[in-house]
Amino acid sequence: MDPFLSLLHSFSSSMTESEVSSLKFLCRDKIPKRKLEGVRSCMDLFGLLLEQRAIAEDSVDLLETLLRAVKRLDLVEQLQQFVEEGEANAPDQPDQNEKSFDIIYENVGRDWKRLMRQLGLPEVRIDNIEAAYSNKLSEQVWKSLREWQKWKGKNAKVADLIKALRDCCLNLVADKVEQ
């Protein structure tokens with residue numbers, strides 16, 4: 001199954017009717033009026049955008065602009081993560097931070113912001129994650145770890161995670177990560 005189509009499908013299932021209407025309006029210059037009249041769901045709209053070659057796996061600028069316009073920053077973040085992982089994670093290269101992230105995800109809880117500050121993640125990014133996932137602590141933890149990894153790039157080291165955990169007095173979690 002095509003990962004990009006799967007991503008579009010997940011976006012579509014989370015869109016409200018109001019958001020779909022807004023997206024249709026914003027696409028009036030990309031899709032003929034007659035075709036837009038037949039759009040009943042976000043999947044229909046994405047299908048037309050794919051046909052017009054307005055969006056594609058390697059061309060997501062319009063999609064990102066549309067998602068921002070309807071204030072779906074959570075989906076923008078997923079899209080950005082998809083693009084970056086597509087470039088960065090070749091199939092034969094497992095992410096060395098993945099296991100550490102799982103341990104931190106399961107054990108840090110409400111201390112995630114303190115940990116991110118210790119890791120040097122900018123306050124604006126922390127606030128954006130908190131706003132995008134205001135009622136989902138586990139998503140805040142996971143997205144903050146991914147954001148830190150994206151921000152640091154190749155300099156995202158497990159040793160830095162361990163040091164930051166210890167600096168935050170989260171020694172038990174640091175011990176688990178070390179093992």
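No hydrogens, no waters, no symmetry mates; every other heavy atom, side chains included, goes into these values.
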Tested for side-chain contact (heavy atoms from CB on, under 4.5 Å) against L63, the lone hit among T65, D61, L67 is L67
Query - Within 6.0 Å of CG in D29, more than 12 heavy atoms from elsewhere - result: yes
Sequence neighbours excluded, the answer for side-chain hydrogen bond (donor to acceptor under 3.5 Å, both in side chains) partners of K143 is Q81
Separation between CG (L23) and CG (L66), nearest 0.5 Å, reads 5.5 Å
Here the ring-ring contact (aromatic ring centres under 6.0 Å, His included) pairs for residues 109-145, sequence neighbours left out, are Y105-W142
Output for pair (S13 OG, L8 CG), nearest 0.5 Å, gives 10.5 Å
CD of E147 to CD of Q149, rounded to nearest 0.5 Å, is 10.5 Å
N/O donor to acceptor pairs below 3.5 angstrom from side-chain atoms of residues 73-80, sequence neighbours left out:
residue : atom : partner : partner atom : Å
D74     : OD1  : R72     : NE           : 3.1
D74     : OD2  : R72     : NH2          : 3.0
Q80     : NE2  : E64     : OE2          : 3.2

One should read off an interatomic distance between H9 NE2 and S14 OG, to the nearest 0.5 angstrom, of 10.5 Å
Query - Sub-4.5 Å side-chain heavy-atom contact between I104 and L115 - result: yes
Could you tell me if the side chain of P122 sits less than 4.5 Å from the side chain of R125, heavy atoms only? yes
Those residues at least two apart in sequence (or on a different chain) that pass side-chain contact (heavy atoms from CB on, under 4.5 Å) with R110 are L137
Exercise for the section: Would you check, one step at a time, whether the test side chain to side chain contact (heavy atoms under 4.5 Å, CB included) holds for E139 with I129? Expected result: CA-CA 9 Å; E139 274 303 299; I129 292 167; over 6 Å; no
Closest non-hydrogen contact found for M15 with V20 is CB-CG2, 4.0 Å
Taken in chain and number order and not counting sequence neighbours, the residues that satisfy side-chain hydrogen bond (donor to acceptor under 3.5 Å, both in side chains) with N107 are K176
Taken in chain and number order and not counting sequence neighbours, the residues that satisfy side-chain hydrogen bond (donor to acceptor under 3.5 Å, both in side chains) with T16 are E19
In terms of heavy-atom contacts, S144 and L121 come closest through O-CD2, 4.2 Å
Sidechain N-carboxylate O distance under 4.0 Å for E37, R34:
no
dist R114:CZ -> L119:CG (nearest 0.5 Å) comes out at 12.0 Å
For E130, the salt bridge (Lys or Arg N to Asp or Glu O under 4.0 Å) test, sequence neighbours excluded, returns K113
Across all chains, not counting sequence neighbours, the side-chain hydrogen bond (donor to acceptor under 3.5 Å, both in side chains) partners of K136 are none
Salt bridge (Lys or Arg N to Asp or Glu O under 4.0 Å) filter on E123, not counting sequence neighbours, yields R117
Which pairs of donor and acceptor atoms, one on a side chain in residues 161-168, lie under 3.5 Å apart (sequence neighbours left out)?
residue : atom : partner : partner atom : Å
K163    : NZ   : D167    : OD2          : 2.9
R166    : NH1  : N171    : OD1          : 3.3
R166    : NH1  : D175    : OD1          : 3.2
R166    : NH2  : D175    : OD1          : 2.6
R166    : NH2  : E178    : OE1          : 2.8
D167    : OD2  : Q118    : NE2          : 3.3

Side chain to side chain contact (heavy atoms under 4.5 Å, CB included) assessment of V60 paired with F82: CA-CA 10 Å; V60 296; F82 174 83; 5.8 Å; no
### Message
When you measure from the side chain of K24 to the backbone of V39, do you find a donor-acceptor pair of N or O atoms at a distance under 3.5 Å?
### Response
yes
Show the atom names and distances, to 0.1 Å, of all donor-acceptor pairs under 3.5 Å that link a side chain in residues 42-58 to residues at least two apart or in another chain.
residue : atom : partner : partner atom : Å
D44     : OD2  : R40     : N            : 2.9
D44     : OD2  : S41     : N            : 3.3

When every non-hydrogen atom of V141 is compared with those of G109, the smallest separation belongs to CG2-O, 3.7 Å
